[in-house]
Amino acid sequence: MLRTRPLYLLSRRAYSSALYITGDKAKEQYAPLVPYLDFQAKLSDLEKLQQNLRLRRYRLDFEELKNQWALYRSIELRKRDIEAKRIHLKEQINKTKNEDEIKQLKLQATLARDDLKSLKESGYSIADTFVAGNFLAIPNELHERTPAEKQKLLFERNVEGHSKPIGEEWLEKYDSTCFYMTGDAALMDLFLPINCAGVLQDAGFIPFSNPDFVRSVLVEAARKDPDSIYLINEEVDLEHKLNLLHLCGGGSMLSFLGYLTKLSVFPTALPLRLVAIGKQYFYDKIQTSAVQMLAASQEGSEAVQIFDETIELYKKFYDQLGLTYRLVQIPAYKLQPSEAMRVDLEVFSPKTEGFVKVGGVCYYSDFISKRIAFNYHEGKVQKFPHLISGTALKAADLIKILLQNGICFEQMDFLKR
């Protein structure tokens, strides 16, 4: 397992929205996706929104958001009134036979058209500031099970009598983010993900193969920090092109989203359960082999049930390893903006005498589905599936702890079946 920084990988760039592109930019930028902007759901209860921001300790200027929403809404209402006036004038022109009246009506229609054009052009900057700058930055609503302040211990398995640490002779290091695995470590890196994915497949998850690359629009849709993901140099003008290419790895949640974006499924296709083995790449961390699951369902209650079933599958896999581990419910202020609820799986490290996160599962409700236009229909009503996704294991961290506990590949009989 080697992490490198070849020349075609760039470090950072000034980030602009690729998810929401206003009409004035449409001539220069291609909009691959139009997110579903549910203003009513997000802004109808401002007190609830303010509480969400407070529990998350999320920095968003609430007063500025309200003022921008009022300004944006007033412009949209004016545009709607002018459109209604144009339709009315068109009907009047078709009914009237008097030439002088027709000329007068056509003049009013021309003025209304010019007013609408002027209003649209002046409204682009307001829409860009409000929608891209503030509305799309609003985090997901918290699930009722998410603790407010302290993490909650859900389950802990204690194992005593570990063998002497093996050490790190199977890890050929270069620096803190770059090393090779050899010997037992390399065998574990190969077989642990296969076994873990097999546990999920036995429970009905469909094996999936994902790309290692995603576009900026999906990074933004999932509310991931673009500075934490490698940026690929496509030899384009980075100052003006918004939808760039990122290296995330086929074992990440982002890599599923390209398949789901703008996908319309029959309700009978849900729930959908997928699992993929691949790499996860990080800008400032060690790359790792990983097992990533993703599920989609019609209703939130069904999604939470799949969430709980996934936790039980995690326990089934980690019970085989002979390690001390625990499952903890993460409090609101530690959640990512797109997460409504998260449970982390942590394994005890004898070296650090603390727990290290090696997996987890997140509930996103329909937050991401609306942003990537992943939908289904009930009659003529468009709805958006609720998503659950999580990393069942991060092999690099898990293998280190197995070696610290003196567990080698030969002792793991279940991997050889």
Side-chain angles (χ1 to χ4, degrees), residues 12-25 29 31-76 123-143 146 214-229 231 242-244 246 248 253-254 257 261 283 330-342 362-374 384 386-387 389:
R12 310 289 167 104
R13 73 152 180 151
Y15 197 76
S16 300
S17 177
L19 183 60
Y20 180 76
I21 297 176
T22 52
D24 57 329
K25 298 177 183 176
Q29 303 289 340
L33 172 63
V34 178
Y36 178 77
L37 302 176
D38 196 347
F39 297 119
Q40 184 63 28
K42 290 286 186 183
L43 301 172
S44 59
D45 190 341
L46 293 178
E47 185 176 340
K48 184 179 179 181
L49 171 58
Q50 196 169 23
Q51 183 183 17
N52 182 17
L53 297 175
R54 180 180 58 79
L55 291 174
R56 287 179 176 270
R57 303 178 190 176
Y58 189 83
R59 293 185 178 181
L60 184 68
D61 192 325
F62 188 71
E63 292 303 318
E64 182 183 4
L65 174 66
K66 288 198 301 182
N67 293 335
Q68 288 180 352
W69 166 231
L71 180 59
Y72 176 82
R73 184 168 48 181
S74 68
I75 290 177
E76 290 301 308
Y124 286 142
S125 61
I126 295 171
D128 192 42
T129 301
F130 167 64
V131 178
N134 281 283
F135 180 76
L136 289 175
I138 296 174
N140 198 355
E141 293 183 11
L142 296 170
H143 189 269
T146 296
V214 295
R215 289 287 178 182
S216 300
V217 64
L218 298 182
V219 176
E220 188 176 349
R223 290 301 310 275
K224 296 293 184 181
D225 179 9
D227 285 342
S228 68
I229 308 172
L231 182 64
L242 300 178
N243 199 22
L244 302 179
H246 301 262
C248 64
M253 186 269 285
L254 289 175
L257 298 187
T261 297
Y283 184 77
I330 302 304
Y333 73 95
K334 288 188 176 181
L335 294 181
Q336 296 296 314
S338 59
E339 297 171 352
M341 174 171 61
R342 188 176 89 228
C362 305
Y363 171 52
Y364 296 98
S365 67
D366 58 1
F367 181 84
I368 293 178
S369 294
K370 288 179 177 179
R371 294 164 76 96
I372 64 173
F374 174 37
F384 300 89
H386 288 241
L387 295 184
S389 187

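Sequence positions, counted from 1, serve as the residue numbers for this chain. Since we're looking at a predicted model, the values are computed, not measured. Values below: all heavy atoms of this structure, side chains included; hydrogens, waters and symmetry mates excluded.
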Problem set entry | Glu47 and Gln51 side chains, donor-acceptor separation under 3.5 Å | no
Exercise. What's the shortest heavy-atom distance between Gln68 and Phe130, and which atoms?
Worked result: OE1-CA, 3.6 Å
Problem set entry | Rounded distance [0.5 Å steps], NZ in Lys370 versus CG in Asp38 | 4.0 Å
Exercise. Roughly how far, to the nearest 0.5 Å, is the OH atom of Tyr333 from the CD1 atom of Ile330?
Worked result: 9.0 Å
Exercise. Would you say Ser216's side chain and Leu244's backbone share a donor-acceptor pair under 3.5 angstrom?
Worked result: yes
Exercise. Would you say the side-chain atoms of Asn67 pair up with the backbone N or O of Glu63, donor to acceptor, closer than 3.5 Å?
Worked result: yes
For this session: Measure from the side-chain N and O atoms of Asn52 to the backbone N and O of Asn140, and report whether any donor-acceptor pair falls under 3.5 Å.
Result: yes
For this session: Ignoring hydrogens and angles, tell me if any N or O in the side chain of Thr129 forms a donor-acceptor pair with the backbone of Ser125 under 3.5 Å.
Result: yes
For this session: Could you walk me through whether His143 and Tyr363 pass ring-ring contact (aromatic ring centres under 6.0 Å, His included), step by step?
Result: CA-CA 8 Å; His143 189 269; Tyr363 171 52; 5.7 Å; yes
Exercise. Can any side-chain N or O of Arg371 pair as donor or acceptor with the backbone N or O of Arg223 at less than 3.5 Å?
Worked result: no
Problem set entry | Distance (rounded to the nearest 0.5 Å) between Phe374 CZ and Thr261 OG1 | 9.5 Å
Problem set entry | Glu76/Arg73 salt bridge by N-O under 4.0 Å criterion | no
Problem set entry | Atom pair NZ/CG of Lys42 and Leu49 - distance to nearest 0.5 Å | 8.0 Å
For this session: Mind listing the closest non-hydrogen atom pair of Ser44 and Ala41 along with its distance?
Result: OG-O, 4.0 Å
Exercise. Tell me, do Met341 and Leu142 make a side-chain contact under 4.5 Å, heavy atoms counted?
Worked result: no
Exercise. Rounded to the nearest 0.5 Å, how far apart are OG of Ser369 and CZ of Phe384?
Worked result: 8.0 Å
For this session: Evaluate the ring-ring contact (aromatic ring centres under 6.0 Å, His included) criterion for residues Phe135 and Tyr72: first the C-alpha distance (whole Å), next the side-chain angles of each, then the deciding distance (0.1 Å), finally the verdict.
Result: CA-CA 11 Å; Phe135 180 76; Tyr72 176 82; 8.6 Å; no
Problem set entry | Check: Ala222 main-chain N/O paired with Ser338 side-chain donor or acceptor under 3.5 Å | yes
Seminar exercise, completed: Between the CZ atom in Phe367 and the CG atom in Leu387, the distance rounded to the nearest 0.5 Å is 11.5 Å
For this session: Answer yes when Glu141 and Lys48 have at least one side-chain N-carboxylate O distance shorter than 4.0 Å, and no when they do not.
Result: yes
Exercise. Is there side-chain contact between Phe39 and Val131, with at least one heavy-atom pair below 4.5 Å?
Worked result: yes
